[in-house]
Amino acid sequence: MARWIILICLLVSIVEARRHRNQFNVRNYKPIANGKNDDTRAFLSAWGDACKSRGRASVVVPEGQYLLNPIVFSGPCRALVTFELKGTLIAPANNPSPSNTTWLNFRYLNQLTVNGGGLLDGQGPLAWGLKGGNPLLISLGFAFINNSNINNIRSSNSQNAHISMFQCANITFSNLNITAPGHSPNTDGIKMAQSEGININHVHISTGDDCVAMLSGTKNVNISNVYCGPGHGISVGSFGHNSDEFDIEEIFVKNCTFKDTTNGLRIKTWASPLNHPLKASNIVYEDITMIDVFHPINIDQEYCPRRNCGIKVPSRVQISDVKYRNIHGTCKGDVAVTFKCSASNPCQNISTENIDLRRKGNHHHHRQKPLRNFCSNVHGVSHGKQKPQACV
Ligand SMILES: *[C@@H]1O[C@H](CO)[C@@H](O)[C@H](O)[C@H]1NC(C)=O
Ligand SMILES: *[C@@H]1O[C@H](CO)[C@@H](O)[C@H](O)[C@H]1NC(C)=O
Ligand SMILES: *[C@@H]1O[C@H](CO)[C@@H](O)[C@H](O)[C@H]1NC(C)=O
Ligand SMILES: *[C@@H]1O[C@H](CO)[C@@H](O)[C@H](O)[C@H]1NC(C)=O
Ligand SMILES: *[C@@H]1O[C@H](CO)[C@@H](O)[C@H](O)[C@H]1NC(C)=O
Ligand SMILES: *[C@@H]1O[C@H](CO)[C@@H](O)[C@H](O)[C@H]1NC(C)=O
Ligand SMILES: *[C@@H]1O[C@H](CO)[C@@H](O)[C@H](O)[C@H]1NC(C)=O
């Protein structure tokens with residue numbers, strides 16, 4: 001009997017030791033951890049040790065405040081690394097280098113996990129007002145990352161976008177809380193380019209720009225249970241402005257809520273002369289609630305965020321196979337549905353089914369003018385309820 005107990009204790013302690021051997025706690029790398037002095041060196045050392053260990057390894061960031069300058073957590077790694085953030089990371093209000101555009105960079109990794117419930121504090125309020133300094137920092141950047149999970153992290157007041165992805169594949173984002181004031185400049189929630197196989201699930205986004213922006217070369221994205229507001233909505237684009245862009249396709253947005261946003265479901269392309277045609281196709285929006293949204297449904301192929309966009313030619317982006325199904329709620333503007341498509345490449349196969357949008361406020365008020373739609377160069381079909389009246 002005693003022998004068995006000793007054996008079991010031995011096994012448990014071996015397992016424990018293995019587990020701990022693969023935990024790299026940044027506290028063991030002598031950070032200052034006062035939120036004011038730079039802890040980049042301690043984090044890089046912890047990352048380096050985790051990366052070159054074997055099996056599964058985690059970089060653990062316990063509770064506390066850590067100021068980090070722009071930093072790269074780079075692979076390839078021998079271990080499969082988890083970045084477990086329990087504490088708060090604080091960005092430098094003054095970006096020290098003109099060549100750094102992203103604060104926390106993860107690159108060249110497979111099977112990365114980022115979790116822990118901690119907070120990324122971008123220090124936006126101190127940075128937004130700075131004139132002519134170094135670039136405002138994107139808080140969290142993923143580049144060349146595959147098969148990874150970003151889960152249970154909070155991001156507040158990023159200086160630029162909160163999260164960005166470039167050339168990533170098979171990434172899941174879930175249980176994130178992203179917050180910045182509605183008036184904050186360029187603070188996209190999650191933006192991505194040249195990425196595919198992206199899942200965004202149970203994410204709460206309140207920010208000053210797009211909640212989600214799917215840019216050039218984005219494919220196979222599922223977005224569900226996302227709350228957006230304030231913000232500029234969930235956007236395909238903007239794109240169709242530069243000659244090095246790629247198609248956007250297979251986007252599925254389901255069971256999302258928009259509250260007090262400028263736009264809801266938006267596709268935006270520039271009216272720009274491109275040397276090659278582009279497509280945005282196979283986009284499905286389903287079970288969407290709008291609460292006091294200015295432009296709930298909006299295809300804008302004359303996108304021009306600044307006053308003067310130069311030469312006016314019809315957009316060369318071909319939009320096709322876009323389905324809007326079960327979209328209901330309230331609209332703050334007069335035009336609930338806008339399909340402003342390209343004269344040279346009219347929108348094809350646009351389908352609207354069960355659209356039920358009414359004016360914000362008291363809907364028993366009969367003197368209010370009904371909501372309108374705006375349609376140009378659009379072809380498609382409609383089924384079921386259509387409020388406002390359909391134009392396809
Ligand atoms: C910041 O810029 C410096 C100088 O160009 C560069 O060496 C460093 O890798 C950059 N860091 C990040 C996080 O991009
Ligand atoms: C990610 O996947 C792409 C496409 O399969 C591949 O070229 C790249 O090497 C992978 N990157 C990593 C870090 O595994
Ligand atoms: C992404 O996942 C799919 C399906 O599981 C898989 O076939 C593909 O190889 C993965 N992509 C990368 C780059 O690992
Ligand atoms: C997200 O964070 C904000 C600000 O920290 C907080 O007020 C809000 O309750 C959080 N929302 C969720 C869904 O966790
Ligand atoms: C998105 O959902 C569709 C159908 O539900 C599925 O075929 C596809 O693989 C999913 N994509 C991702 C990235 O999970
Ligand atoms: C859809 O969203 C609502 C609230 O936003 C949530 O209560 C419900 O569980 C979601 N449905 C599914 C199937 O995820
Ligand atoms: C429109 O959809 C139908 C059926 O899904 C398909 O056969 C057709 O090719 C589509 N047309 C265009 C222009 O995409």
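Counting begins at 1 with the first residue of the sequence. Worth knowing before you read on, the calculation uses all heavy atoms, side chains too, and leaves out hydrogens, waters and symmetry mates.
Across every non-hydrogen atom of Ser74 and Tyr108, the tightest pair is OG-CD1, 3.9 Å. Closest approach of Thr330 to Lys360, counting heavy atoms only: CB-CA, 3.9 Å. Across Ile150 and Leu176, no two heavy atoms sit closer than the pair O-CD2, 4.0 Å. Closest approach of Ala390 to Thr352, counting heavy atoms only: CB-OG1, 4.4 Å. Closest heavy-atom contact between Ser342 and Ser315: OG-O, 2.7 Å. Across all their heavy atoms, Ile32 and Asp39 have their closest contact at N-OD1, 2.6 Å.
Contact annotation: the side chain of Asn157 approaches that of Trp128 to within less than 4.5 Å [non-hydrogen atoms, C-beta and beyond]. Proximity of Val293 to Phe258: side-chain heavy atoms (C-beta onward) are separated by under 4.5 Å at one or more points. Within the 4.5 Å cutoff, no side-chain heavy atoms of Leu265 are placed close to those of Pro296. Between Pro92 and Pro70 the shortest side-chain heavy-atom distance falls below 4.5 Å. The closest side-chain heavy-atom distance from Ser376 to Phe374 is below 4.5 Å. You'll find the side chain of Lys86 stays beyond 4.5 Å of the side chain of Val61, heavy atoms only. A heavy-atom distance below 4.5 Å is not found between the side chains of Asn222 and Ile198. Using a 4.5 Å heavy-atom threshold, the side chains of Val26 and Pro62 count as touching.
Note that NZ of Lys332 is 11.5 Å distant from CD1 of Ile291, once rounded to the nearest 0.5 Å. Expressed to the nearest 0.5 Å, how far CG of Asn242 lies from CG of Leu274 amounts to 8.0 Å. Here the NZ atom belonging to Lys340 is positioned 11.0 Å from the OG1 atom belonging to Thr269, to the nearest 0.5 angstrom. Glu196 CD to Ile171 CD1: the interatomic distance, rounded to the nearest 0.5 Å, is 10.5 Å. Considering NE2 of His202 and CG of Asn225, their distance stands at 4.0 Å, rounded to 0.5 Å. Rounding to the nearest 0.5 angstrom, the gap separating the OG atom in Ser320 from the CD atom in Gln348 is 7.5 Å.
At distances below 3.5 Å, not a single donor-acceptor pair connects side-chain atoms of Gln167 with backbone N or O atoms of Ala143. When atom types are taken as modelled, the side chain of His232 and the backbone of Gly208 share a donor-acceptor pair closer than 3.5 angstrom. Under a 3.5 Å cut-off, the side chain of Asn134 and the backbone N or O of Asn95 do form a donor-acceptor pair. At distances below 3.5 Å, not a single donor-acceptor pair connects side-chain atoms of Arg316 with backbone N or O atoms of Ser344. Counting only distance, with no hydrogens or angles, the side chain of Ser148 and the backbone of Asn146 share a donor-acceptor pair below 3.5 Å. Remark: side-chain polar atoms of Gln386 are paired, donor with acceptor, to backbone N or O of His383 under 3.5 angstrom.
Salt-bridge annotation for Asp209 and Lys191: absent, with no side-chain N of the basic residue lying under 4.0 Å from a carboxylate O of the acidic one. By the 4.0 Å N-to-carboxylate-O rule, Arg325 lies close enough to Glu353 to be salt-bridged with it. Using a 4.0 Å cut-off between charged side-chain N and carboxylate O, Lys219 and Glu250 make no salt bridge. Ion pairing of Lys254 with Asp287 is present here, as a side-chain N (NZ or NE/NH1/NH2) and a carboxylate O approach within less than 4.0 Å. A salt bridge links Asp210 to Lys268: one of the charged nitrogens lies within less than 4.0 Å of a carboxylate oxygen.
By the rule that hydrophobic residues join a cluster once side-chain heavy atoms approach within less than 4.5 Å of another member, Val322 and Ile223 end up as members of one cluster. Hydrophobic clustering of Ile, Leu, Val, Met, Phe, Trp and Tyr side chains at less than 4.5 Å, counting indirect connections, keeps Leu44 apart from Val60. Phe106 and Phe144 are not part of a single hydrophobic cluster, where members link through side-chain heavy atoms under 4.5 Å apart. Hydrophobic cluster membership is shared by Ile319 and Leu278, with clusters built from Ile, Leu, Val, Met, Phe, Trp and Tyr side chains linked at under 4.5 angstrom. Residues Ile178 and Tyr227 fall into different hydrophobic clusters, defined by Ile, Leu, Val, Met, Phe, Trp and Tyr side chains chained together at heavy-atom separations under 4.5 Å.
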Go through the steps to decide whether Gln123 and Ile90 satisfy the test side-chain contact (heavy atoms from CB on, under 4.5 Å), and finish with yes or no.
CA-CA 7 Å; Gln123 300 265 60; Ile90 297 175; 3.3 Å; yes
Salt bridge (charged side-chain N to carboxylate O under 4.0 Å, His left out) between Lys385 and Asp356: does it pass, once the steps are laid out?
CA-CA 7 Å; Lys385 187 164 188 168; Asp356 188 4; 3.5 Å; yes
When you look at Tyr66 and Phe43, which way does the side-chain contact (heavy atoms from CB on, under 4.5 Å) test go after all the steps?
CA-CA 10 Å; Tyr66 310 84; Phe43 276 65; 3.7 Å; yes
Applying side-chain contact (heavy atoms from CB on, under 4.5 Å), run through Val114 and Ile153 and close with a yes or a no.
CA-CA 8 Å; Val114 178; Ile153 289 290; 4.0 Å; yes
Could you go through the side-chain contact (heavy atoms from CB on, under 4.5 Å) check for Ile267 and Asn298 one step at a time?
CA-CA 6 Å; Ile267 302 175; Asn298 188 1; over 6 Å; no
For Phe142 and Phe166: C-alpha separation, side-chain torsions, deciding distance, then whether ring-ring contact (aromatic ring centres under 6.0 Å, His included) applies.
CA-CA 6 Å; Phe142 299 98; Phe166 179 71; over 10 Å; no
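Ring geometry for Tyr324 against Phe339 counts as tilted: the plane angle lies between 30° and 60°, on a 0 to 90° scale.
A disulfide is not assigned to Cys228 and Cys256, since their SG atoms are no nearer than 2.5 Å.
Across Asn105, Thr102, Ile163, a single residue satisfies side-chain contact (heavy atoms from CB on, under 4.5 Å) together with Ile138, and that is Thr102. Screening Asp188, Thr187, Asn186 against Thr207 for a side chain to side chain donor-acceptor pair (under 3.5 Å) leaves a single residue, Thr187.
Residue-environment remark: CZ (Arg56) stays at or below the threshold of 12 foreign heavy atoms within 6.0 Å.
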